[in-house]
Undergrad: 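Sharing a structure with you now.
Only this structure's heavy atoms are used, side chains among them; waters, hydrogens and symmetry mates stay out. The chain is numbered in sequence order, starting from 1.
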Amino acid sequence: MKKLLLLLAFIVPMSCNAQTAQTDATKSKDLPRFTIVQSTIAVKLTFKLDTYTGNVYQLVVDANGKNLWQLMTRIPTSLPDIRYDGTRNYSLFVSTLGMRYTYLFNTNTGATWNLVENTDTKAEFFEPMDDK
């Protein structure tokens with residue numbers, strides 16, 4: 001009887017660990033890679049985010065009136081920008097208060113970019129916000 005209890009003491013934790021690992025892997029695969037984020041302020045603040053790579057695409061209209069996703073520029077940050085293959089690494093926050101409160105951030109490191117507009121070209125891009 002003691003041998004059986006001892007054996008069970010080793011088997012049960014091992015099977016629980018295997019179940020947890022399988023559940024975690026299943027959860028990461030169930031999460032979407034791409035997401036659309038929209039501001040209530042303006043249609044031009046509609047974005048498609050690749051949560052794996054951090055690429056952000058802005059909704060634009062071409063000369064024929066067709067909607068397109070245009071890849072936005074993201075200036076590199078001096079902070080770590082760690083990405084893990086096959087998992088969500090980025091999130092995009094769009095405020096209802098104004099364009100300047102739109103942030104892309106790396107969920108692994110906290111590296112953050114702020115959406116800004118080029119005053120000459122009126123093009124929007126992501127500029128790093130380095131922590132001080």
Side-chain angles (χ1 to χ4, degrees):
M1 184 68 164
K2 287 182 183 180
K3 287 182 182 180
L4 179 59
L5 288 175
L6 187 59
L7 182 60
L8 286 175
F10 285 109
I11 291 174
V12 172
M14 287 181 2
S15 64
C16 290
N17 287 341
Q19 252 183 344
T20 303
Q22 182 181 5
T23 304
D24 291 344
T26 304
K27 283 181 184 176
S28 67
K29 289 182 181 181
D30 290 342
L31 295 173
R33 176 176 178 165
F34 292 93
T35 185
I36 293 178
V37 181
Q38 179 184 22
S39 169
T40 57
I41 298 170
V43 174
K44 79 175 192 170
L45 296 179
T46 302
F47 306 101
K48 178 176 74 170
L49 170 65
D50 181 335
T51 63
Y52 286 19
T53 65
N55 288 338
V56 179
Y57 303 82
Q58 186 173 27
L59 182 65
V60 297
V61 180
D62 70 6
N64 299 320
K66 185 177 177 181
N67 289 335
L68 302 170
W69 290 115
Q70 182 177 34
L71 180 63
M72 298 183 72
T73 299
R74 177 173 38 140
I75 298 172
T77 179
S78 62
L79 297 174
D81 188 20
I82 298 169
R83 298 179 208 168
Y84 298 107
D85 291 339
T87 188
R88 299 181 75 171
N89 298 296
Y90 296 89
S91 189
L92 185 64
F93 173 81
V94 179
S95 173
T96 59
L97 299 177
M99 183 184 99
R100 68 180 285 193
Y101 303 110
T102 300
Y103 306 102
L104 171 68
F105 65 99
N106 181 309
T107 58
N108 301 314
T109 65
T112 307
W113 294 262
N114 186 212
L115 181 65
V116 296
E117 183 178 74
N118 181 316
T119 54
D120 296 330
T121 66
K122 302 297 181 200
E124 287 93 14
F125 63 95
F126 284 96
E127 178 178 72
M129 293 177 54
D130 292 338
D131 293 341
K132 300 226 176 207

Undergrad: Quick check: do Tyr101 and Ile41 have side-chain heavy atoms less than 4.5 Å from each other?
TA: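 No, their side chains stay 4.5 Å or more apart.
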Undergrad: If you count heavy atoms of other groups shown closer than 6.0 angstrom to NZ of Lys66, is the number above 12?
TA: no
Undergrad: Thr35 versus Leu92: any side-chain heavy-atom pair under 4.5 Å?
TA: no
Undergrad: Within the distance-only criterion (no hydrogens, no angle test), does the side chain of Thr51 pair as donor or acceptor with the backbone N or O of Tyr90 below 3.5 angstrom?
TA: no
Undergrad: CZ of Phe34: more than 12 outside heavy atoms within 6.0 angstrom?
TA: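 Enclosed.
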Undergrad: Which residues, ordered by chain and number, are linked to Val60 in its hydrophobic cluster, where ILVMFWY side chains connect at heavy-atom gaps below 4.5 Å, directly or through other members?
TA: Leu68
Undergrad: Using the test side chain to side chain contact (heavy atoms under 4.5 Å, CB included), find all partners of Asp85 that sit at least two apart in sequence or belong to another chain.
TA: none
Undergrad: Would the distance check show the side chain of Asn106 and the main-chain N or O of Asn108 forming a donor-acceptor pair, the cut-off being under 3.5 Å?
TA: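 Yes: the side chain of Asn106 pairs with the backbone of Asn108.
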Undergrad: Hey, does the side chain of Thr112 reach the backbone of Gly110 with a donor-acceptor pair shorter than 3.5 angstrom?
TA: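 At least one qualifying donor-acceptor pair exists.
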Undergrad: Can you tell me how far apart OH (Tyr52) and OG1 (Thr87) are? Round to the nearest 0.5 Å.
TA: 6.5 Å
Undergrad: Taking Asn114 for its side chain and Pro128 for its backbone only, find out whether a donor-acceptor pair lies under 3.5 Å.
TA: no
Undergrad: Name all residues meeting the salt bridge (charged side-chain N to carboxylate O under 4.0 Å, His left out) criterion together with Arg83; count only those two or more places apart in sequence or in a different chain, and write none if there are none.
TA: Asp81
Undergrad: Listed by chain and number, what are the side chain to side chain contact (heavy atoms under 4.5 Å, CB included) partners of Thr73, not counting sequence neighbours?
TA: Phe125
Undergrad: Salt bridge (charged side-chain N to carboxylate O under 4.0 Å, His left out): which pairs involve residues 44-58, sequence neighbours left out?
TA: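 Listed once each, the pairs are Arg33-Asp50, Lys44-Glu117, Lys44-Glu124.
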Undergrad: When you compare the side chain of Asn55 with that of Trp69, does any pair of heavy atoms fall below 4.5 Å?
TA: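 Contact flag for Trp69/Asn55 side chains = no.
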Undergrad: Would you please name every residue forming a side chain to side chain contact (heavy atoms under 4.5 Å, CB included) with Val61, sequence neighbours left out?
TA: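 Counting only residues at least two positions away or on another chain, Val61 forms a side chain to side chain contact (heavy atoms under 4.5 Å, CB included) with Asn67.
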Undergrad: Should Leu79 and Thr109 count as side-chain neighbours, where that means a heavy-atom distance under 4.5 Å?
TA: no
Undergrad: If we ignore hydrogens and angles and just use 3.5 Å, is the side chain of Asn118 paired with the main-chain N or O of Ala123 as donor and acceptor?
TA: no
